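Since we're looking at a predicted model, the values are computed, not measured. One-based numbering along the sequence shown.
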Amino acid sequence: MNNEALAQAVFKENYTAKQEFLAELDKKEMAKQVDVTANAPIFEKKYQKQKLKLDNGIEITVPVELLKNKDVIEFINQEDGSLEVVLRNIDSIKNSF
């Protein structure tokens, strides 16, 4: 990640805002360039599962790759504004107690 490229993407034609942003980064002694690929494994591990906490106290942990698979889990918006969670194709339940 390059500060100049970031400033250009965020502030586009606003030269003053770009310069103020870059000056603030300099003041805070931020590196001009940061390698973000080194953090990729950390983020991949962190976002492998999504924990859902429902109003009634039920907690469900779902692998992220299954969240958009309607054959496994589906979220249905009800007319009253509530959300229905439907789980499908469950072979067995494993306890983690």
Side-chain angles (χ1 to χ4, degrees):
M1 181 173 77
N2 176 301
N3 292 346
E4 293 282 340
L6 180 62
Q8 178 61 34
V10 172
F11 300 108
K12 301 196 185 330
E13 302 301 320
N14 188 339
Y15 180 78
T16 304
K18 266 193 273 191
Q19 293 308 311
E20 288 177 15
F21 172 74
L22 293 171
E24 195 65 32
L25 291 179
D26 285 342
K27 192 185 328 179
K28 294 184 181 194
E29 299 179 0
M30 298 290 290
K32 302 264 185 223
Q33 183 132 348
V34 178
D35 180 21
V36 292
T37 57
N39 294 329
I42 295 169
F43 290 112
E44 286 175 11
K45 182 177 180 184
K46 183 176 181 180
Y47 295 110
Q48 287 179 348
K49 296 181 181 179
Q50 179 68 48
K51 184 179 239 180
L52 308 171
K53 294 183 180 181
L54 309 180
D55 288 345
N56 59 6
I58 295 174
E59 294 183 13
I60 305 169
T61 303
V62 181
V64 171
E65 66 270 7
L66 297 179
L67 281 176
K68 294 193 178 187
N69 184 345
K70 290 187 177 189
D71 292 333
V72 177
I73 188 168
E74 185 174 4
F75 302 95
I76 303 170
N77 291 313
Q78 300 296 324
E79 290 182 16
D80 65 358
S82 64
L83 184 68
E84 181 179 346
V85 179
V86 179
L87 302 175
R88 297 190 176 95
N89 299 322
I90 300 173
D91 293 332
S92 65
I93 297 176
K94 294 181 182 179
N95 287 333
S96 61
F97 299 110

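No donor-acceptor pair under 3.5 Å is formed between the side chain of K18 and the backbone N or O of E13.
Closest non-hydrogen pair, A17 versus N14, comes out as N-OD1, 3.1 Å. The shortest non-hydrogen separation linking A31 to N3 is O-ND2, 2.9 Å.
For F75, there are no ring pair (Phe, Tyr, Trp, His ring centres under 6.0 Å) partners at least two apart in sequence or on another chain.
With values rounded to the nearest 0.5 angstrom, E84 atom CD is found 8.0 Å from E74 atom CD.
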If you look only at distance, which donor and acceptor atoms sit under 3.5 Å apart when one is on a side chain in residues 55-72 and the other is two or more places apart or in another chain?
| unit_1 | atom_1 | unit_2 | atom_2 | d |
| --- | --- | --- | --- | --- |
| N56 | OD1 | I58 | N | 3.2 |
| N69 | OD1 | D71 | N | 2.9 |

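Using a 4.5 Å cut-off between side-chain heavy atoms of Ile, Leu, Val, Met, Phe, Trp and Tyr, with links allowed through other members, L87 and I76 fall into different hydrophobic clusters.
Side chains of L83 and N77 form a contact here, defined as non-hydrogen atoms less than 4.5 Å apart.
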